[in-house]
Amino acid sequence: MNAVLIALLLLPLVGAAATLLPALFGQDEQSAGRRALYLGVAVTGGTLLLAIALAAGFDRGHSARMQAVTDVSWIPALNVRLHLGVDGISLPLLLLTTLLTFLCAIYSLRRLPDAPGTPGPRAYTGLLLLLESGMLGTFAVLDLLLFFLAFEVVLIPMYFLIARWGGENRGPAATRFILYTLLGSAIMLLGFLLLGLHAGTFDMTALAQRHGRGLSHTTQVLAVLAIGLGLAVKAPMWPFHSWLPDAHTAAPTTGSVLLAGVLLKMGTYGFVRILLPSAPGGMATLAPYLAAFAVVGIIYGSLACLALVRPGAKGDLKRIIAYSSVGHMGFVLLGIATLTPTGVNGALFANIAHGLVTGLLFFLVGAIKDRHGTADLDRLAALGKGSGAALYGRAPRLGGLLAFAAVASLGLPGLAGFWGELLAMFGSFQPAAGLSRPTYLVFMALAGLGTLLTAGYLLGVVRRVCMGDPAAAPAADFSDVQTYELAAWTPLVALTLVAGLWPAVLLGLSNPAVKALLGGS
């Protein structure tokens, strides 16, 4: 299985390199572009099949143990090893990454932005595959410096996807995205060096097994501060979130799907994989502050969305979903900050649920924008005034899917969004020993208020965008769901239902691994 994991990481990298060879695509520019897009589908499809094979060969009975391991020396002078592996925490994220990238490649066959001056499909495909390689590497490597390298690889392709294929204000949005993340990453690298040099190893499994032994409390606190800052920017945690709404609003549809569905998870994954087991003393000291920032993010994101949903606010649907991600990722950070198996399992479940549901939401909003030319909520709501032109009247399947994704995002029981938020609040109800239970009960109550606010703005979106006059004839110029869209969205709908109705499929994988990372608690 280690060969499968290596192939999983190398295939998109080889595909990205192939897009640099003009001889593979011919001289005709239009034909070359189509071949490049089909290459993207083939490579991402092959990567998804490799991930499924990895999951099929994974021993679920020992999900706390690293499997498909490769461990060879890479840079002996720095004691850096090419150490790869997968456990019950990283396997679902690998599957989510390969699935979303494949669906984006399928969607791009028909909906690749082609504004004047935009680079061709070959450049787009190469960047998409390079982005996938970096995302997969982040979840598969087990060395701190390799983790940093993979963590940074994703920045350049995402920057160009926003800056070159994005919409209005794409240049400033892309610049803010890369400046924020690079600054956070520079501080994170200092934390990695501090942790690795004091521990005598950069190996993440060795650090997890030591569980902070040999590291002073001051070293652990400083490491958590430095590494946590870089991870918090990517998460994104309030108040380091301000790059996210602009990036999502300007990004093309596929860029928004991968940014919300995968890139945000890289930050929260780092908290679980690196900081919880390697610096438990530092995490215990700073966990209440992390929880406080998380709860503020939950409330702030919800209030920002409520303000944008109001009539006359000219809220952009993509911007609303971006702010909702700040709130949803707040639940993930709150679960991590409880330092309990219940809370951390809830955080990992919410990671996957958010990737599925928010990925579907961004696909749907992109489709609406492609049809109508705008994602402005006021203009979309005006379509239904006395004309039957809102989504339920003009494109009932599209409207139904948007309503489904909205209720999944607000945490309706039976859908994927429910379990992660519930477990994060359960973890707050009984936090780890040494944490103030009254303080965490306040955090739990505020998070519960956040769920009510979330329901308020998401139902407001559904009411304003979807509901029209049923007595009027639907307008003919607003097409319903197309075949290629159905192919890209059906897996997300199905998995949202499966995860909601059968949460053990994820929790059974993550729970043993979480307990091991928390020191066997």
Side-chain angles (χ1 to χ4, degrees), residues 64 66 79 87 89 142-145 147-148 151 184 187-235 237 240 267-295 332-348 424 427-443 510-521:
M66 283 295 169
N79 195 26
D87 66 356
I89 293 173
L142 297 172
D143 183 276
L144 289 179
L145 296 186
F147 178 89
F148 176 78
F151 199 83
I187 300 173
M188 183 175 70
L189 178 60
L190 296 178
F192 283 160
L193 294 174
L194 174 68
L195 183 62
L197 293 175
H198 277 77
T201 180
F202 291 101
D203 187 273
M204 291 155 65
T205 56
L207 290 168
Q209 290 167 1
R210 295 179 186 181
H211 209 64
R213 290 190 301 271
L215 296 174
S216 68
H217 184 71
T218 300
T219 299
Q220 291 190 41
V221 171
L222 290 175
V224 171
L225 279 173
I227 299 171
L229 180 61
L231 298 174
V233 171
K234 188 68 71 75
M237 181 181 78
F240 308 111
T268 52
Y269 172 78
F271 276 102
V272 176
R273 173 65 70 199
I274 300 171
L275 292 182
L276 282 180
S278 302
M283 281 296 295
T285 298
L286 297 175
Y289 302 98
L290 176 62
F293 283 124
V295 169
V332 177
L333 293 168
L334 176 62
I336 293 170
T338 67
L339 306 184
T340 63
T342 300
V344 176
N345 275 297
L348 294 171
S428 297
F429 182 75
Q430 190 67 56
L435 299 178
S436 171
R437 189 173 184 231
T439 301
Y440 273 79
L441 288 177
V442 173
F443 293 154
S510 65
N511 189 47
V514 166
K515 288 182 176 180
L517 288 182
L518 292 175
S521 59

Mind running side chain to side chain contact (heavy atoms under 4.5 Å, CB included) on Met188 and Val233 for me, showing each step along the way? CA-CA 10 Å; Met188 183 175 70; Val233 171; over 6 Å; no
Test log, rule ring-ring contact (aromatic ring centres under 6.0 Å, His included), inputs Phe443 and Tyr440: CA-CA 5 Å; Phe443 293 154; Tyr440 273 79; 5.4 Å; yes
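Annotation for Gln220 and Gly282: closest pair OE1-N, 3.2 Å, computed over non-hydrogen atoms. Heavy-atom minimum distance, Ala64 versus Ala516: CB-CB, 4.1 Å. For the pair Leu333 and Ala294, the tightest heavy-atom approach, listed with the atom from each and the gap, is CB-CB, 3.7 Å. The two residues Met66 and Asp87 make their nearest non-hydrogen contact at CE-OD2, 3.5 Å. Here the shortest heavy-atom pairing between Gly191 and Ala223 reads O-CB, 4.4 Å. Residues Ile89 and Ala513 share a closest heavy-atom pair of CG1-CB, 3.7 Å.
In this structure, CD1 on Ile336 lies 7.0 Å from CG on Leu348, to the nearest 0.5 angstrom. Between the CG atom of Leu517 and the OG1 atom of Thr205 there is a distance of 10.5 Å, given to the nearest 0.5 Å. With rounding to the nearest 0.5 angstrom, the OG atom of Ser216 is 8.0 Å from the CG atom of Leu222. Atoms CD1 and CG, from Ile227 and Leu194 in turn, are 7.5 Å apart once rounded to the nearest 0.5 Å. Rounding to the nearest 0.5 Å places NZ of Lys234 at 11.0 Å from OG1 of Thr268. Rounding to the nearest 0.5 Å gives a distance of 7.5 Å between CZ of Phe151 and CZ of Phe192.
The shortest side-chain heavy-atom distance between Leu189 and Leu145 falls under the 4.5 Å cut-off. Contact annotation: the side chain of Leu225 approaches that of Val221 to within less than 4.5 Å [non-hydrogen atoms, C-beta and beyond]. Considering only heavy atoms from C-beta on, Leu435 stays 4.5 Å or farther from Thr439 through its side chain. Looking only at side-chain heavy atoms (C-beta outward), Phe202 and Phe148 stay at 4.5 Å or farther from each other. Between Met283 and Leu339 the shortest side-chain heavy-atom distance falls below 4.5 Å. Side-chain contact check for Phe271 versus Val332: every heavy-atom pair is 4.5 Å or farther apart. Looking only at side-chain heavy atoms (C-beta outward), Leu518 and Pro277 stay at 4.5 Å or farther from each other. Between Val344 and Val272, the closest side-chain pair of non-hydrogen atoms falls below 4.5 Å.
When only modelled atom types and interatomic distance are considered, Thr342 and Thr340 share no side-chain donor-acceptor pair under 3.5 Å.
Evaluation of the side chain to side chain donor-acceptor pair (under 3.5 Å) test over residues 274-286, restricted to residues two or more places apart or in two chains, returns His217-Thr285.
In terms of modelled atom types and a separation under 3.5 Å, the side chain of Arg210 and the main chain of Leu207 share no donor-acceptor contact. At least one donor-acceptor pair closer than 3.5 Å links the side chain of Ser428 to the backbone N or O of Ala424. When atom types are taken as modelled, the side chain of Asp203 and the backbone of Asp143 share no donor-acceptor pair closer than 3.5 angstrom. A side-chain donor-acceptor contact under 3.5 Å links Arg437 to the backbone of Phe429.
Heavy atoms of other residues, nucleotides or ligands lying less than 6.0 angstrom from NE2 of His198 number 12 at most.
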